[in-house]
Amino acid sequence: MKPGNVIEVRDLSMCYRTFKSKRRTLRESAFRTLFRRDESVEVRALDGVTFNLGRGDGLGIIGNNGAGKSTLCLILSRIMEPTGGVLEVSGCVSALLALGAGFDTDLTGQDNITLNAVYMGYQLDEVREKYDDIVAFSGLGDAIRMPVRTYSSGMRARLAFSIAQSIQPEILIIDELMGVGDRSFMEKSTARMHEMVDQCEALVVVSHHMETIRSLCKRVIWLEKGKLIAEGPADEVIAQYESK
Amino acid sequence: MPGWGRHITVSLLCELTKRELLERYAGSMLGGVWSFLRPALTMLVFVVVFSNIMGVTIPGYSSAYSYSVYLIAGLLPWTAFSTSIIRATTVLVARRDLLTTLPLPLLTLPAVVVLAESVALLPAILLFLAFLAVTGMAPTYSVWTLPVVFVLHQLFALGVGFLLAVLHVFLRDLKELTDVTVQMWFWLTPIAYVATILPQEVAQVVAFNPAYWFVRAYQDLFVFRIAPSTIDLALLAAVAGLTLGGACVVAKVLESDVRDLV
């Protein structure tokens with residue numbers, strides 16, 4: 001990795017294989033092997049994508065629905081493994097995506113804070129340190145002692161965001177810079193997101209709001225059907241995208 | 001510093017294992033007491049049936065409890081071993097929600113299953129040691145090798161379980177196949193019977209059964225009160241290490257497909 005870079009992506013591809021039937025049994029496997037009839041359909045979500053992200057940079061990702069933007073975020077945050085290419089990341093990554101992943105709805109809000117925090121790489125004593133801040137940020141009050149299954153979807157989102165915002169990462173990955181919850185929490189969480197953006201060393205933002213991208217990112221990549229269409233200074237690439 | 005990336009932390013393993021164990025007795029009136037009560041009752045049944053009613057003994061060992069001790073010595077660790085494998089096999093598919101939304105290493109979930117089963121066995125082992133002490137058959141200083149054998153045994157279970165869990169993503173029949181195979185494996189391992197009753201040909205096969213190498217170490221410890229030799233321990237370590245290492249290599253190769261197809 002070149003010094004000064006925090007993310008290097010070379011020739012990255014992601015190929016989903018969707019099977020016509022989800023169940024894969026011995027009979028099916030034998031059938032496929034014997035008769036060489038693969039019943040799978042391949043979907044190329046990313047195809048030979050290459051870019052770098054330097055320290056102190058903001059990178060915007062734009063493109064229509066199904067362009068592969070979210071897949072790229074999932075790969076950058078190591079939730080998914082690319083089927084081809086090289087990905088190098090140096091530094092602590094935090095992704096504000098799939099909020100509330102791994103919630104166990106039978107557990108209380110309190111227990112889910114601990115559980116979610118260890119999933120994100122916290123040590124147990126770090127969780128205890130941050131615990132009060134997380135509860136205070138969520139503003140859930142006594143509801144924090146109730147099982148999460150009794151929460152409304154807004155309350156779940158508030159809890160999830162409160163946990164996620166407790167990490168100040170070096171590399172921040174955001175899929176749409178939008179707050180969650182009711183109006184007052186929406187304002188609070190959007191403000192906090194901007195604060196995190198200000199404090200991180202490198203940023204990756206997916207957004208359909210070109211204004212957001214312009215204000216946060218110097219460089220932009222434009223994806224279409226998994227392919228990199230254009231890469232360069234924000235204004236240029238956005239102009240190309242909008243005039244298409 | 002916390003952050004997303006695929007690594008297993010001690011905190012993660014502890015918290016998930018704790019959750020798993022708490023869930024086990026959640027809602028029951030006696031809760032954790034069951035973890036002592038259940039093995040205690042099982043052992044009581046064995047002792048009453050085999051020693052007091054049937055009066056079975058094993059050759060070369062004079063105590064009235066000899067067969068019960070022999071049986072329990074092999075059966076307790078076998079239960080942890082086989083349950084670990086059977087439950088680990090399906091865990092990646094069962095918790096696909098976690099694998100597709102969190103940057104969790106594949107090994108985490110099978111490791112938690114094996115850890116939980118290992119911890120769950122501790123009360124039973126303590127009770128068994130207490131029983132041996134009361135009946136004057138306490139293992140000698142050789143008992144220090146027990147934790148070593150047990151850890152290696154469970155690492156072996158993790159290796160087998162992890163490998164099966166990864167393959168189960170591609171081949172869902174493995175759930176049933178594992179259930180049945182583990183049952184057969186039990187009878188190919190001298191746990192309920194002594195190895196000397198086996199016909200020559202079968203004995204030759206059983207001699208190559210790695211599960212028996214582990215079980216024999218427990219039987220030596222509890223029944224014959226001798227510590228396994230350093231060579232034996234090295235052999236067990238090699239079995240555990242190679243299996244787990246092999247499973248990790250297979251998982252690494254198949255990882256992107258596992259995450260895609262799970």
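Of the possible polar contacts, one joining the A/Thr50 side chain to the A/Asp11 backbone as a donor-acceptor pair under 3.5 Å is found. Put simply, the side chain of B/Arg96 gets close to the backbone of B/Val262: a donor and an acceptor are under 3.5 Å apart.
The number of heavy atoms from other shown groups lying within 6.0 Å of CD (B/Gln183) does not exceed 12. The environment of CD in A/Glu195 is crowded: more than 12 heavy-atom neighbours from other residues, nucleotides or ligands sit within 6.0 Å.
With a 4.5 Å cut-off on non-hydrogen atoms, A/Ile171 does not touch chain B at all. At a 4.5 Å heavy-atom cutoff, B/Leu22 makes no contact with chain A through either its backbone or its side chain. Neither the backbone nor the side chain of B/Thr108 comes within contact range of chain A; no heavy atoms are under 4.5 Å apart. Within the 4.5 angstrom heavy-atom criterion, no atom of A/Asp125 approaches chain B. If you measure heavy-atom distances from B/Leu12 to chain A, the contacts under 4.5 Å come from both the backbone and the side chain.
The choice from B/Glu255, B/Arg259, B/Arg19 that makes the most heavy-atom pairs within less than 4.5 Å of chain A is B/Arg19. Ranked by non-hydrogen atom pairs under 4.5 Å with chain B, the options A/Thr83, A/Ile173, A/Thr114 are led by A/Thr114.
Ion pairing of A/Arg55 with A/Glu170 is absent here, as no side-chain N (NZ or NE/NH1/NH2) approaches a carboxylate O to less than 4.0 Å.
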B/Phe186 vs B/Thr79, test: side-chain contact (heavy atoms from CB on, under 4.5 Å). Steps then yes/no. CA-CA 10 Å; B/Phe186 173 77; B/Thr79 310; over 6 Å; no

